[in-house]
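Structure first, commentary second.
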Amino acid sequence: MKRIVLVALAAIMVAQLGAQNTLSVDWGNTTNYLAHGRTLSANQACFQPGVYYSINKGPTIMAWFSLPYDREFSALDEWDIIVDHKVNLLDPEKKWNINVHGYVNYWYLPVNNESDIQDYYQGMKYNAGIHFPFLVSENSALKITTGYDFYYYHQLGRDMGIRAAGIHEFLIKFNKKYKKVNLEAKSVISNNQGAVSTAIDPGWGFFSQHLSCSFDVKLVTLSTSVNYQRTLDALLPTGMDKNLMWVSLNISKSFKL
């Protein structure tokens with residue numbers, strides 16, 4: 001079986017040698033690591049590097065990490081391997097399109113001091129979504145996107161106390177481009193069916209707003225965002241996930257292969 005997998009991977013790599021693929025590296029920082037309304041860093045600032053390999057007209061394969069700067073919280077270290085793919089169903093020259101996308105995410109927490117059964121946590125997360133981008137005006141380069149995403153969590157192994165369940169998220173997003181500068185405003189509302197924590201009562205989880213800006217400076221791309229979350233009834237019993245605000249800064253570089 002291992003030989004078959006290795007041969008398949010080798011065949012994929014050979015097939016991609018002639019394609020113009022992209023390798024990107026990202027140096028990320030955030031004042032708080034949130035995912036689907038929940039702080040996964042106990043409100044601690046994190047270093048979040050990533051490596052992304054995008055196959056021409058194919059998926060993006062990435063390795064991503066979240067590491068609290070305060071090493072007293074090393075039990076919240078997270079390592080992720082993600083395979084992501086997205087497709088626009090209509091002609092890219094059209095003013096509006098239909099984008100379908102999804103990913104498979106294996107996540108791994110290497111440090112676990114709470115269990116005698118295993119010294120790590122691990123699990124899977126799956127995403128499937130559909131977005132409808134609409135270019136308001138070519139002259140203004142203003143784009144509006146509405147969309148829906150479904151996420152499903154489940155644990156691997158035992159003694160994790162993680163409930164397998166889904167999350168529904170609805171968004172509206174505005175993008176505006178000025179030459180090398182991209183501005184974005186986004187709002188998300190989430191309905192959590194009890195995913196991850198047994199403390200969560202199925203229902204509306206959060207309503208969040210995000211403002212971000214990215215721009216190219218010579219060799220790299222700089223991105224920054226300001227984010228605010230209003231926590232709703234489903235997440236209030238968790239205690240830590242009350243109304244939260246956080247800021248992120250990313251420096252990234254891409255290479256054509």
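Residue numbers run from 1 in the order of the sequence given.
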- Query: Would you say the side chains of Asn227 and Ser208 form a donor-acceptor pair under 3.5 Å?
  - Reply: no
- Query: Any side-chain heavy atom of Asn250 sitting closer than 4.5 Å to one from Asn29?
  - Reply: no
- Query: Nearest heavy-atom pair of Gly37 and Asp241: which atoms, and what distance?
  - Reply: O-CB, 3.6 Å
- To the nearest 0.5 Å, atom OG1 of Thr145 lies from atom CG of Leu171 at 7.5 Å
- Task: Check the side chains of Asp149 and Asn127 for a donor-acceptor pair under 3.5 angstrom, ignoring hydrogens and angles.
- Result: yes
- Polar contact flag, side-chain donor to acceptor under 3.5 angstrom, Ser248-Thr30: no
- Item | Evaluation steps, side chain to side chain contact (heavy atoms under 4.5 Å, CB included), between Ile81 and Trp64 | CA-CA 7 Å; Ile81 300 295; Trp64 183 85; over 6 Å; no
- Can you list the steps and then say if Arg38 with Ser197 is a side chain to side chain contact (heavy atoms under 4.5 Å, CB included)? CA-CA 10 Å; Arg38 304 209 58 211; Ser197 174; 3.4 Å; yes
- Stepwise, does the side chain to side chain contact (heavy atoms under 4.5 Å, CB included) test hold for Trp96 with Leu90? CA-CA 8 Å; Trp96 66 278; Leu90 303 180; 3.6 Å; yes
- Note on the structure: Closest non-hydrogen atoms of Ser212 and Ser225, given as atom of the first, atom of the second and distance, are CB-CB, 3.7 Å
- Taking side chain as C-beta onward, heavy atoms only, is Val104 less than 4.5 Å from Tyr106? no
- Query: Is there side-chain contact between Leu67 and Tyr69, with heavy atoms separated by less than 4.5 Å?
  - Reply: no
- Query: For Lys177, does the NZ atom have more than 12 heavy-atom neighbours from other residues, nucleotides or ligands under 6.0 Å away?
  - Reply: no
- Query: Can you list every side-chain hydrogen bond (donor to acceptor under 3.5 Å, both in side chains) pair that touches residues 82-91, not counting sequence neighbours?
  - Reply: Asn88-Asn99
- Task: Could you tell me whether the side chains of Asn182 and Glu184 share a donor-acceptor contact shorter than 3.5 Å?
- Result: no
- Determine whether Ile61 and Ile82 make a side-chain contact, defined as any pair of heavy atoms from C-beta on separated by less than 4.5 Å. no
- Relative to the ring of His210, is the ring of Trp246 parallel (under 30°), tilted (30 to 60°) or perpendicular (over 60°)? perpendicular
- State plainly whether one hydrophobic cluster holds both Tyr178 and Val217, where clusters connect Ile, Leu, Val, Met, Phe, Trp and Tyr through side-chain heavy atoms under 4.5 angstrom apart. yes
- For Phe150, which of His101, His168, His36 qualifies under ring-ring contact (aromatic ring centres under 6.0 Å, His included)? His168
- Query: Would Ser74 and Glu72 count as having a side-chain donor-acceptor pair, cut-off 3.5 Å?
  - Reply: no
- Other ILVMFWY residues reachable from Phe73 by side-chain steps of under 4.5 Å: Leu76
- Item | Same cluster (ILVMFWY, side-chain, under 4.5 Å), Tyr148 and Leu232 | yes
- Message: Is there a side chain to side chain contact (heavy atoms under 4.5 Å, CB included) between Leu23 and Tyr52? Walk through the geometry before answering.
- Response: CA-CA 6 Å; Leu23 178 68; Tyr52 313 84; over 6 Å; no
- Over all atoms of both residues, closest heavy-atom pair of Ala195 and Tyr153: CB-CD1, 4.1 Å
- Item | Considering all heavy atoms, the nearest Asn43-Leu244 contact | OD1-CD2, 3.7 Å
- Query: When you check the gap from the basic side-chain N to the acidic O, do Arg71 and Asp77 get nearer than 4.0 Å?
  - Reply: yes
- Do the side chains of Val83 and Val87 join up, straight or via other hydrophobic residues, at under 4.5 Å, putting them in one cluster? no
- dist Thr221:OG1 -> Lys253:NZ (nearest 0.5 Å) comes out at 8.0 Å
- Message: Can you tell me how far apart CD (Gln48) and CG (Asp80) are? Round to the nearest 0.5 Å.
- Response: 9.5 Å
- Task: Taking all heavy atoms of Ile200 and all of Gly194, pick out the closest pair and write down the distance.
- Result: CG2-CA, 3.9 Å
- Message: Let me confirm one number: the OH-OG distance from Tyr151 to Ser190, rounded to the nearest 0.5 Å.
- Response: 9.0 Å
- Message: Quick check on the hydrophobic clustering: are Met245 and Leu34 connected, directly or via other members, by side-chain heavy-atom contacts under 4.5 Å?
- Response: no
- For the residue pair Ile189 and Trp204, establish whether any side-chain heavy-atom pair is separated by less than 4.5 Å. yes
- Task: Provide the closest heavy-atom pair for Ser254 versus Thr22 in the form atom of the first, atom of the second, distance.
- Result: CB-CG2, 4.0 Å
- Message: Once rounded to the nearest 0.5 Å, what's the spacing between atom CG of Leu222 and atom OG of Ser252?
- Response: 8.0 Å
- Task: Go through Tyr120 and Tyr108 one step at a time and tell me if the ring-ring contact (aromatic ring centres under 6.0 Å, His included) criterion holds.
- Result: CA-CA 7 Å; Tyr120 59 89; Tyr108 175 75; 5.6 Å; yes
- Do the side chains of Lys125 and Tyr103 get nearer than 4.5 Å, heavy atoms only? yes
- Rounded to the nearest 0.5 angstrom, the CG-OG distance for Leu40 and Ser66 is 8.0 Å
- Message: I'd like to check Ser24 versus Phe255 (side-chain heavy atoms, cut-off strictly below 4.5 Å). Are they in contact?
- Response: no
- Do Ile130 and Leu135 belong together in a cluster built from hydrophobic side chains that touch within less than 4.5 Å? no
- State, with a plain yes or no, whether a side-chain heavy atom of Phe206 is found less than 4.5 Å away from one of Val188. yes
- Item | Check: Tyr33 main-chain N/O paired with Ser41 side-chain donor or acceptor under 3.5 Å | yes
